[in-house]
Engineer: 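The structure under discussion is supplied below as structure tokens; questions concerning it will follow.
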Amino acid sequence: MSIGYACLTIGIPGTSIRTCRKVNATEEKLKELILFNLESLENIIDYNIKNKIKLFRISSDIIPFGSSPVNTLAWWELFKPQFEQIGQKIKASGMRVSMHPGQYTVLNSPDEEVVLRAVEDLNYHARFLDSLGVGSEHKIVLHIGGVYQEKEIAVERFVSSYQMLSAAIKKRLVIENDDRSYTVSDVLSVSLTTGAPVIYDNLHNAINTSDVTKDDAYWIELTRKTWKPEDGPQKIHYSQQSAMGRIGAHTRTISLDPFMDFYHQVSREDLDIMLEVKDKSLSAIKCIIATTPQQHVKLLEKEWSLYKYSVLERSPKLYDVIRQLLKDKNSFPALDFYRLLDQALEMEVTTGTAVNAAAHVYGYFKNKATEREKIAFFKQLDKVEKNDGSLKTLKKMLWNLAVNYNEPYLLESYYFIL
DNA sequence: TGACGTCAAGATCCG
DNA sequence: CGGATCTTGACGTCA
């Protein structure tokens with residue numbers, strides 16, 4: 001059982017993915033961006049290994065205009081050493097990666113041009129994974145596409161397009177239920193004719209329901225049969241509905257109580273769970289810690305070290321409650337810890353609490369900062385207190401101090417990103 | 001024709 | 001000039 005996240009690694013320097021506009025996409029620019037992005041990918045893989053994250057979706061933007069005529073580079077040859085090195089790390093660590101072309105890659109469009117571009121896009125994704133040298137259990141996830149008033153005909157078009165795909169794509173392609181057109185039953189029937197395994201998405205199923213009498217465990221059991229040994233363990237997508245957002249909008253973070261309910265219903269060794277959530281890697285780490293058999297309080301202490309100033313900035317009260325909670329070194333109160341943490345993070349940063357936290361963080365530098373730095377900091381602190389200066393500027397000053405005086409504890413802190 | 005979703009690029013504004 | 005904030009792009013479908 002692996003739990004993973006999609007595309008972005010939150011709060012970790014050197015992991016960003018860059019792109020450019022079509023008009024600016026010169027060969028030079030593209031080469032520069034691809035090299036940059038592959039370095040980021042390697043940093044992400046390193047980070048995942050360090051944090052025991054064994055499931056990860058690689059952003060489709062990793063090669064800018066990867067399937068567009070705008071990009072004529074033979075990137076898979078130009079950056080062969082990089083691909084090999086990254087691929088080695090993925091394989092050696094037993095990590096499973098995937099890619100997921102977005103809603104604009106439509107294999108069943110009545111428009112031939114659209115289908116052609118979709119095939120090109122799938123070629124790009126397959127080529128990327130092939131270049132890493134990873135096996136067929138590293139998947140490309142695709143939705144069925146549009147309906148165009150007649151679902152049956154649209155499905156037939158999907159199937160016939162599917163059959164034209166290269167073996168390199170077919171061995172990786174898996175199909176997912178979506179939140180408006182194709183229910184999990186629809187996708188299962190497409191799987192029956194194509195042989196493509198089915199990714200079950202719980203939130204999409206909740207919105208675009210196939211059968212209200214059936215629960216997640218039922219569909220996971222059913223879709224499991226579409227996964228063959230060469231496909232690797234069955235993979236599903238898990239997300240939660242944002243309370244304030246539109247229907248289908250993902251939550252800021254994964255709420256552990258419902259996740260654990262879900263987990264206990266469906267958990268098994270040969271099931272991988274891809275989380276779809278705004279805070280990405282942060283939720284992956286949360287869910288991995290909450291479900292690990294190696295229950296050591298050290299894991300929570302490490303988490304606390306990263307989050308503590310973000311909590312202090314919102315609620316000194318909860319800050320103390322969590323500190324007390326972690327005092328017992330023989331316990332492993334993961335659920336209580338994250339419940340309190342998430343409760344705090346939902347709270348507003350007020351002037352008073354922000355000033356308090358900033359002053360607290362400044363404590364790291366009170367014996368190091370120059371007179372000039374000290375004066376500048378307290379001047380800005382005073383401004384923030386009087387609602388006359390921005391908190392961002394104040395935190396930027398603290399960040400610069402952390403960099404200049406090399407305080408790793410602060411440099412890792414989510415205080416500067418949450 | 002705009003909304004949808006997503007992110008960073010690019011543009012513009014501000015001090 | 002640097003930093004903060006707003007707008008655009010890239011994609012296809014559907015109302």
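Every value quoted in this text rests on a predicted model; they were computed, and no experiment measured them. Below, read A as the first sequence line, B as the second, and so on, with proteins coming before strands; counting in each chain starts at 1.
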Engineer: For the NZ atom on A/K366, are there more than 12 heavy atoms of other groups (residues, nucleotides or ligands in this structure) within a distance under 6.0 Å?
Structural biologist: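 Result for NZ/A/K366: open.
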
Engineer: Remember a base hit wins even if backbone is also touched, and classify A/S68 as base, sugar-phosphate or nothing at under 4.0 Å, heavy atoms.
Structural biologist: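 Nothing: the residue A/S68, judged by heavy atoms under 4.0 Å, touches no strand.
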
Engineer: With the side chain counted from C-beta on, respond yes when A/K308 and A/Y414 share a heavy-atom pair under 4.5 Å apart, and no when they do not.
Structural biologist: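 Result no, sub-4.5 Å side-chain heavy-atom pair not found.
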
Engineer: Could you list where the contact with chain A starts and ends along DNA chain C, reading 5' to 3', using a 4.0 Å heavy-atom cut-off?
Structural biologist: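 That gives a stretch of C/dT5 to C/dC14.
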
Engineer: For residues 75-86 of chain A, which side-chain donor-acceptor pairs fall under 3.5 Å, sequence neighbours excluded?
Structural biologist:
from: A/Q85; atom 1: NE2; to: A/E42; atom 2: OE2; distance (Å): 2.7

Engineer: Specify the residue among A/V147 and A/T393 whose closest nucleotide of DNA chain C lies further upstream toward the 5′ end.
Structural biologist: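 Mapping each residue to its closest nucleotide by heavy atoms, the 5'-most match is A/T393.
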
Engineer: Decide, yes or no, whether a salt bridge links A/R323 with A/D320 under the criterion of side-chain N to carboxylate O below 4.0 Å.
Structural biologist: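 Looking at A/R323 and A/D320, the cut-off is met.
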
Engineer: Give me the ring orientation class for A/F262 and A/Y238: parallel if the planes are under 30° apart, tilted from 30 to 60°, perpendicular past 60°.
Structural biologist: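 A/F262 and A/Y238: tilted rings.
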
Engineer: Could you give the NZ-to-C1' distance, from A/K280 to B/dA8, as a whole number of Å?
Structural biologist: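 Checked: the NZ to C1' distance equals 13 Å.
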
Engineer: More 5' along DNA chain C: A/Y104 or A/S181, using each one's nearest nucleotide?
Structural biologist: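 Result: A/Y104.
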
Engineer: Using a 4.0 Å heavy-atom cut-off, does A/G102 contact any base of the nucleic acid, only the sugar-phosphate backbone, or nothing at all?
Structural biologist: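 Nothing: the residue A/G102, judged by heavy atoms under 4.0 Å, touches no strand.
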
Engineer: When we call it a touch if two heavy atoms are under 4.0 Å apart, what does A/K396 touch: a base, just sugar-phosphate, or nothing?
Structural biologist: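 No contact.
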
Engineer: Listed by chain and number, what are the ring pair (Phe, Tyr, Trp, His ring centres under 6.0 Å) partners of A/F378, not counting sequence neighbours?
Structural biologist: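 Partners of A/F378 by the ring pair (Phe, Tyr, Trp, His ring centres under 6.0 Å) criterion, ordered by chain and then number, come out as A/Y362.
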
Engineer: To the nearest Å, how far apart are A/D279 CG and B/dC7 C1'?
Structural biologist: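 It works out to 16 Å between those atoms.
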
Engineer: Can you check each nucleotide of nucleotides 9-15 of chain B against protein heavy atoms at under 4.0 Å and return B for base, S for sugar-phosphate only, - for none, in 5' to 3' order?
Structural biologist: BS-----

Engineer: Only pairs at least two apart or in different chains count here, so list each salt bridge (Lys or Arg N to Asp or Glu O under 4.0 Å) that has a residue in residues 407-416 of chain A.
Structural biologist: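 Qualifying pairs, neighbours excluded: A/K302-A/E412, A/K368-A/E407.
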
Engineer: If a pair satisfies side chain to side chain donor-acceptor pair (under 3.5 Å) and one of its residues is in residues 257-269 of chain A, list it, with sequence neighbours excluded.
Structural biologist: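 For residues 257-269 of chain A, and leaving out neighbouring residues, the side chain to side chain donor-acceptor pair (under 3.5 Å) pairs sorted by first residue read A/D257-A/R339, A/R268-A/D270.
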
